[in-house]
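Everything below concerns the one structure shown next.
Worth knowing before you read on, the calculation uses all heavy atoms, side chains too, and leaves out hydrogens, waters and symmetry mates.
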Amino acid sequence: MPNSPHQTSADLLVLHTLRCIGFAALERLAGTTGLPESEVESELIDLAIDGLVTRVPGEFGGWNVTDAGRAADTERVAAELDASGARAEVTKAFEDFMVLNPELLDLCTAWQMRSVDGVGTMNDHADPAYDAKVLGLFTEFHQRADAVLTVLASAITRFERHRDRLAHALSCAQGGQVDYLTDRMDAYHTVWSHLHEDLLTTLGQDRYH
């Protein structure tokens, strides 16, 4: 692996992030990329001129990637991976991610649901001992997940943003904001799904393959 990670350009970061998270307003896209809204908007306008993204106006409007944008993103992230010289490391990290993925899904289910007298019911978070137990499992899980993200971020800079967002979501949950695990647009589970999509597109794999 190279001594320093490959630096993702701002235009590719915006295009690829939009592809991974789907239809999004400017504010959400800026929050996800970590770039200022003004810079993201400038990149989106340029991408729209090239036919790679499109904007839906209105109160509930936002931006989306076009078919041409998806094709361009696929080509560019593949080229970026080759330029990074870290295909083997990213592939191994993806394999490690897939080992962790079922565990994360189980933890999310345990956070949202619990068994009472043998019957599954929604977790109303009224039992602090139960929540503390599951949150402790999330914390232990995150330590292993972060090791995978460290490898990815040392290969390509855009993976560092996933790492930061996962850490932020867990920290908020640990601070009492329980919706940061599964019930927000920037929840731990949501960010994890964005990472999953990022890895699949980076490696040119199908989610359902």
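A single hydrophobic cluster is seen to contain both Leu203 and Val148, as judged by linkage of ILVMFWY side chains at heavy-atom distances under 4.5 Å, directly or through other members. Follow the hydrophobic side-chain contacts under 4.5 Å out from Leu135 and you never reach Tyr180; the two are in separate clusters. One hydrophobic cluster, built from ILVMFWY side chains closer than 4.5 Å, cannot hold both Val40 and Val56; they sit in different ones. A chain of hydrophobic side-chain contacts below 4.5 Å, direct or via other Ile, Leu, Val, Met, Phe, Trp or Tyr residues, connects Leu137 to Leu181. A continuous path of ILVMFWY side-chain contacts below 4.5 Å connects Leu47 to Leu13, so both sit in one hydrophobic cluster.
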Review point. After noting the C-alpha distance and the side-chain angles of Arg144 and Glu103, does the key distance pass the salt bridge (Lys or Arg N to Asp or Glu O under 4.0 Å) rule?
Key: CA-CA 11 Å; Arg144 289 179 283 123; Glu103 182 179 352; 2.6 Å; yes
Point to revise | Test log, rule side-chain contact (heavy atoms from CB on, under 4.5 Å), inputs Thr54 and Trp63 | key: CA-CA 6 Å; Thr54 185; Trp63 295 84; over 6 Å; no
**Study point:** From CA spacing to verdict: salt bridge (Lys or Arg N to Asp or Glu O under 4.0 Å), Lys92, Glu95
**Key:** CA-CA 5 Å; Lys92 177 59 168 60; Glu95 293 170 354; 5.5 Å; no
Check your understanding: Taking it one step at a time, do Leu18 and Val53 satisfy side-chain contact (heavy atoms from CB on, under 4.5 Å)?
Key -> CA-CA 9 Å; Leu18 185 59; Val53 303; 3.9 Å; yes
Exercise for review: Take Leu15 and Arg19 through the test side-chain contact (heavy atoms from CB on, under 4.5 Å) and record every step on the way to the result.
Suggested key: CA-CA 6 Å; Leu15 176 63; Arg19 178 183 182 178; 5.9 Å; no
Exercise for review: Might you work through the side-chain contact (heavy atoms from CB on, under 4.5 Å) test for Trp192 and Asn101, ending with a clear yes or no?
Suggested key: CA-CA 9 Å; Trp192 185 263; Asn101 192 51; 2.8 Å; yes
Practice item. Output, in order, the C-alpha distance, side-chain angles, deciding distance and verdict of salt bridge (Lys or Arg N to Asp or Glu O under 4.0 Å) for Arg28 and Asp186. Key: CA-CA 9 Å; Arg28 182 180 176 218; Asp186 52 355; over 6 Å; no
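Put simply, the side chain of Ser171 never gets that close to the backbone of Ala167: no donor and acceptor are under 3.5 Å apart. No donor-acceptor pair under 3.5 Å is formed between the side chain of Thr157 and the backbone N or O of Ala153. Asp50 contributes no side-chain N or O that, together with a main-chain N or O of Leu52, makes up a donor-acceptor pair within less than 3.5 Å.
Inspection of the His142 and Tyr188 side chains reveals an N or O donor paired with an N or O acceptor under 3.5 Å. Side-chain contact, Thr33 with Arg158: no donor N or O sits under 3.5 Å from an acceptor N or O. Using a 3.5 Å distance cut-off with no hydrogens or angles, the side chains of Trp111 and Asp131 do not pair a donor with an acceptor. A donor-acceptor pair shorter than 3.5 Å cannot be found between the side chains of Arg161 and Thr32.
Annotation: side chain of His189 is not in contact with side chain of Asp183 (no heavy-atom distance under 4.5 Å). The closest side-chain heavy-atom distance from Leu44 to Leu29 is below 4.5 Å. Put simply, the side chain of Ile45 reaches to within 4.5 Å of the side chain of Ile49, judged on heavy atoms. The shortest side-chain heavy-atom distance between Leu195 and Leu149 falls under the 4.5 Å cut-off. Counting heavy atoms from C-beta on, the side chains of Thr17 and His194 never come closer than 4.5 Å. Between Thr121 and Met113, the closest side-chain pair of non-hydrogen atoms is not below 4.5 Å. Proximity of Thr201 to Cys20: side-chain heavy atoms (C-beta onward) are separated by under 4.5 Å at one or more points.
Here CG of Leu199 is found 6.0 Å from CZ of Phe97. Values are rounded to the nearest 0.5 Å. For the atom pair CG (Asp146) and CZ (Phe141), the distance works out to 11.0 Å, reported to the nearest 0.5 Å. Note that OG1 of Thr202 and CZ of Phe94 are 10.0 Å apart. Values are rounded to the nearest 0.5 Å. Leu35 contributes atom CG, which lies 11.0 Å from atom OG of Ser42 (distance to the nearest 0.5 angstrom). With rounding to the nearest 0.5 Å, the separation of CZ in Arg70 from CD in Glu75 is 15.0 Å. Interatomic distance, Asn123 CG to Thr182 OG1, rounded to the nearest 0.5 Å: 9.0 Å.
Nearest heavy atoms, Ile156 versus Pro5: N-CB, 4.1 Å. In terms of heavy-atom proximity, Phe138 sits nearest to Leu107 at CE1-O, 3.7 Å. Taking every heavy atom of both residues into account, Ala93 and Val151 meet most closely at CB-CG1, 4.4 Å. Between Ser84 and His6, the shortest heavy-atom distance links the atoms CB-CB, 3.8 Å. The shortest heavy-atom contact between Ala30 and Pro36 is CB-C, 4.5 Å. In terms of heavy atoms, Ala145 sits closest to Leu100 at CA-CD1, 3.8 Å.
Other residues, nucleotides and ligands place no more than 12 heavy atoms under 6.0 Å from the CE atom of Met185. Sparse packing is recorded around CG of Asp67, with 12 or fewer heavy atoms of other residues, nucleotides or ligands lying under 6.0 Å away.
Checking Glu43, Glu80, His16, Arg76 one by one against Ser9, the side-chain hydrogen bond (donor to acceptor under 3.5 Å, both in side chains) holds for a single residue, Arg76.
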